[in-house]
Chemist: 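Once you've had a glance at the structure underneath, I'll fire off some questions.
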Amino acid sequence: TTMAQPQTTLQLHISCTDLPSKDLTSASDPFAVIFAESGASRWSEVHRTSRLKNTANPQFPEHLDVTFFFEKRQVYKVAIYDSDSHGSSDLKKHDFIGELEFTLGSLMGEHCGRLTALLRNKSKELKKGSVTIIGEETSGANCDVQIKMSGRSLDKKDLFGKSDPFVIISRQSASGEIVVEKTPIIKKTLDPSWPVFSVSFSELCLGDKSTPLKFQCFDWDSDGGHDLIGIGETTLDELLADKQFLPLINPKKKSKKKSYKNSGSLVFESVQLVVRPTFLAYLQSGYDIQTCMCIDFTGSNGNPTSPSSLHYMNPMAPNDYIQAIYGVGNVIADYDSDKQFPAFGFGARFANGQVSHSFALNGNESSPYCAGIEGIVQAYKQAISSVTLYGPTNFAPNIRKTAALAEEAMKSGTRAYYILMIITDGAISDMGSTKDAIVKASRLPMSIIIVGVGDADFTSMDALDSDEGPLVSDGVKAVRDIVQFVPFNAYKSAGAAALAQNVLAEVPAQFMSFMSQHNIMP
């Protein structure tokens, strides 16, 4: 399943404290330049602030709007200069003070929207001079308009009974009318009362309260030829300013009768803007995204000493497992505050003959944590050289192990959401147990990512990625979709970033569905 996630716009605000002076007789005249990484070590300037005169503690008034994507590693750099040649756009003509690199993920996740750090000059930290970057989600995108509406004295359109009214709401756009909401049909009444409904603020009026809105009231007919009762036009501004009655005008009736007033009215009993919590609001409130890594050590991967093996350690190029660990891990690491990742393997046989379906990659079962993504890769390399690849391909033990961590966090009130990333080369041997474990885990704060490496037939994985409806085990339905499967080969040529985008695109929606179901607020 890959669905387009709603875009989130952030405003980046820059300020500095205690900047070193580049001028002999006064403080610097600083300005800030923001660069975006446009390729490996290539930078494009995206924003430049105005110059502030004679200050070591500038708060730059301009902000930069950027689009935030959870599933991308978005790298930016803030560089601070002392203006020496006022008016020149050439940065070489100004004194460089220092700079700071950061990712949007780290700013909003690890640092909860506010990052303060010492500036660096030629890769060294300055002894003084810090920059603060604040990321704020723009308001409006996270609002709903909640409307309670009824009809009064609507025209009777049916010969032998009252009307069956419903309303279509549309907004005007440059290309015509866009329908944004349709109410339920209320049968046999001229004074209908529709249930409360919500429309996103951006969908209703594109964030502009003065956008013309059209309310068309129809009498429903089973043959689809609905009869127009009347039309009313207004704006959200007027509705929020306590406009209660909207007369419905039928153009045909109005043109025929001079004494025609209206065909009834819509009554707005309540119209209000309701702020909806967003994914970023949870991150800024201190929610941690904690990642567990799980690697397939089954025999079907091939002997690790053979160049044809998926686990072969080629000194010239990382294997598919390592590429997947780095590609996805480097994105999600930004959202984990302590950078300690539990990492497990399955399907290996140890020197004593014991086969394990879940073992700590670092060899320490009581503390299976690896320091950073690099720590996971080193533990994986060590494990490959010390175990025998065996089998079978059992997912359930590691799903249950991660579910236990998520359940413990949920019970203790810890603000954490877990992602289990399984990298595997083949079909699942314990499909029944895996489905059961996933259905139970769907009630917990966790998501499961499966990356398939190699050329095996991964058809069975589609049964876990609930495109055709909720996963079912023993008659029990999963309460939400928590699995995303991606075949590594499909994104190999496009690179690690493309893999990460496709693997992680659904996580914010899965996270939000859990928060919504459990009524958890940021």
Side-chain angles (χ1 to χ4, degrees), residues 1-6 70-71 109 277-279 282-283 287-294 296 324 328-329 331-332 335-336 341-342 344 346 358 393-411 414-424 428 430-452 458 460-487 499-520:
T1 327
T2 301
M3 63 179 76
Q5 298 302 324
F70 170 76
E71 65 273 20
T278 62
F279 177 63
Y282 287 94
L283 292 185
Y287 255 94
D288 242 14
I289 307 284
Q290 302 207 349
T291 302
C292 302
M293 198 69 72
C294 185
D296 183 336
V328 179
V331 176
I332 45 183
Y335 302 93
D336 190 309
F341 301 99
F344 305 99
F346 65 90
S358 180
T393 306
N394 288 354
F395 281 9
N398 283 304
I399 294 174
R400 292 194 191 107
K401 194 173 271 187
T402 307
L405 294 173
E407 187 163 27
E408 178 57 35
M410 194 175 169
K411 284 178 178 173
T414 303
R415 298 172 81 78
Y417 188 90
Y418 286 80
I419 296 175
L420 170 62
M421 179 172 165
I422 302 172
I423 313 176
T424 182
I428 303 171
D430 64 339
M431 182 60 84
S433 298
T434 293
K435 282 186 175 180
D436 182 63
I438 291 170
V439 167
K440 286 175 179 166
S442 70
R443 302 175 182 278
L444 299 170
M446 67 178 281
S447 292
I448 300 168
I449 291 164
I450 304 169
V451 178
F458 292 113
S460 61
M461 299 295 182
D462 292 332
L464 305 179
D465 194 346
S466 311
D467 282 354
E468 306 300 323
L471 195 64
V472 179
S473 175
D474 290 333
V476 179
K477 286 183 181 178
V479 295
R480 57 195 186 93
D481 176 14
I482 64 167
V483 178
Q484 170 77 340
F485 169 73
V486 171
L499 173 72
Q501 279 176 240
N502 282 276
V503 162
L504 297 173
E506 286 190 25
V507 169
Q510 292 174 355
F511 177 101
M512 293 301 289
S513 72
F514 174 81
M515 298 302 159
S516 174
Q517 284 177 4
H518 293 267
N519 280 325
I520 298 171

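The residues of the chain are indexed from 1 along the displayed sequence. Small disclaimer: the values here were computed from a predicted structure and weren't measured. Note: hydrogens, waters and symmetry copies are ignored here, and every other heavy atom, side chains too, is used.
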Chemist: The test is side-chain contact (heavy atoms from CB on, under 4.5 Å); show your working for His518 and Met410 and say whether it passes.
Modeler: CA-CA 11 Å; His518 293 267; Met410 194 175 169; 3.4 Å; yes
Chemist: Between Leu504 and Ile332, is any pair of side-chain heavy atoms under 4.5 Å apart?
Modeler: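 Yes, side chains in contact.
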Chemist: Can you list, pair by pair, the side-chain donor-acceptor contacts under 3.5 Å of residues 400-409, counting residues two or more places apart and other chains?
Modeler:
from   : atom 1 : to     : atom 2 : distance (Å)
Lys401 : NZ     : Ser358 : OG     : 2.7
Thr402 : OG1    : Asn398 : O      : 3.0

Chemist: Distance from Ile449 atom CD1 to Asn502 atom CG, nearest 0.5 Å?
Modeler: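 The distance works out to 11.5 Å.
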Chemist: Quick check for you: to the nearest 0.5 Å, what is the distance between Cys294 atom SG and Leu420 atom CG?
Modeler: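 It comes to 6.0 Å.
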Chemist: My understanding is that only residues two or more places apart in sequence, or in another chain, count here; which of them pass side-chain hydrogen bond (donor to acceptor under 3.5 Å, both in side chains) with Ser460?
Modeler: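 Ser460: no side-chain hydrogen bond (donor to acceptor under 3.5 Å, both in side chains) contacts found.
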Chemist: Less than 4.5 Å apart, side chain to side chain, heavy atoms only: is that true for Val503 and Glu71?
Modeler: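 Answer no - side chains too far apart.
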Chemist: Can you find a pair of side-chain heavy atoms, one from Leu444 and one from Tyr418, that are under 4.5 Å apart?
Modeler: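 No, every pair of side-chain atoms sits at 4.5 Å or beyond.
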Chemist: How are the rings of Phe70 and Tyr335 set relative to one another: parallel (under 30°), tilted (30 to 60°) or perpendicular (over 60°)?
Modeler: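 Answer is tilted, since the angle falls between 30° and 60°.
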Chemist: Applying side chain to side chain contact (heavy atoms under 4.5 Å, CB included), name anything that partners Val479, two or more places apart in sequence or on another chain.
Modeler: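 Expected list: Ser442, Arg443, Gln517.
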Chemist: I need the Ile482 CD1 to Ile399 CD1 distance, nearest 0.5 Å.
Modeler: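 Taking CD1 in Ile482 and CD1 in Ile399, the distance rounds to 7.5 Å.
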Chemist: Heavy atoms, side chains only, cut-off 4.5 Å: are Tyr282 and Met512 in contact?
Modeler: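 In contact.
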Chemist: What verdict does the side-chain contact (heavy atoms from CB on, under 4.5 Å) test give for Phe514 and Arg480, after you've listed the backbone C-alpha separation in whole Å, the side-chain angles of each residue and the deciding distance to 0.1 Å?
Modeler: CA-CA 8 Å; Phe514 174 81; Arg480 57 195 186 93; 3.6 Å; yes
Chemist: Quick one: ring-ring contact (aromatic ring centres under 6.0 Å, His included) partners of Phe341, sequence neighbours excluded?
Modeler: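 For Phe341 there are no ring-ring contact (aromatic ring centres under 6.0 Å, His included) partners, ignoring immediate neighbours.
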Chemist: Counting C-beta onward and ignoring hydrogens, is there a side-chain heavy-atom pair between Phe346 and Thr393 closer than 4.5 Å?
Modeler: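 Yes; the side chains approach each other to less than 4.5 Å.
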Chemist: Is there a donor-acceptor contact under 3.5 Å linking the side chains of Tyr417 and Ser447?
Modeler: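 Yes, Ser447 and Tyr417 have a side-chain donor paired with an acceptor closer than 3.5 Å.
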Chemist: So which atom in Val483 and which in Leu464 form the shortest heavy-atom distance, rounded to 0.1 Å?
Modeler: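 It is CB-O, 3.4 Å.
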Chemist: How long is the straight-line distance from CD1 of Ile450 back to CD1 of Ile428, given to the nearest 0.5 Å?
Modeler: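 Those atoms lie 5.5 Å apart.
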Chemist: Once you round to the nearest 0.5 Å, how far does CE of Met421 lie from CD1 of Ile448?
Modeler: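 The distance works out to 13.5 Å.
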Chemist: Are the side chains of Val507 and Ile419 in touch, meaning some heavy atoms are under 4.5 Å apart?
Modeler: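 They are in contact (side-chain heavy atoms under 4.5 Å apart), so the answer is yes.
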Chemist: Side chain of Asp430, backbone of Ala396: donor and acceptor closer than 3.5 Å?
Modeler: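 Confirmed, Asp430 side chain pairs with Ala396 backbone.
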Chemist: One pair to check against side-chain contact (heavy atoms from CB on, under 4.5 Å): Leu283 and Ile289. What are the steps and the verdict?
Modeler: CA-CA 8 Å; Leu283 292 185; Ile289 307 284; 4.1 Å; yes
Chemist: Applying side-chain contact (heavy atoms from CB on, under 4.5 Å), run through Val472 and Val476 and close with a yes or a no.
Modeler: CA-CA 5 Å; Val472 179; Val476 179; 6.0 Å; no
Chemist: What residues form a side-chain hydrogen bond (donor to acceptor under 3.5 Å, both in side chains) with Asp436, not counting sequence neighbours?
Modeler: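 Checked Asp436 against side-chain hydrogen bond (donor to acceptor under 3.5 Å, both in side chains); matches are Lys440.
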Chemist: By side-chain hydrogen bond (donor to acceptor under 3.5 Å, both in side chains), which residues pair with Tyr287, not counting sequence neighbours?
Modeler: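 Tyr287: no side-chain hydrogen bond (donor to acceptor under 3.5 Å, both in side chains) contacts found.
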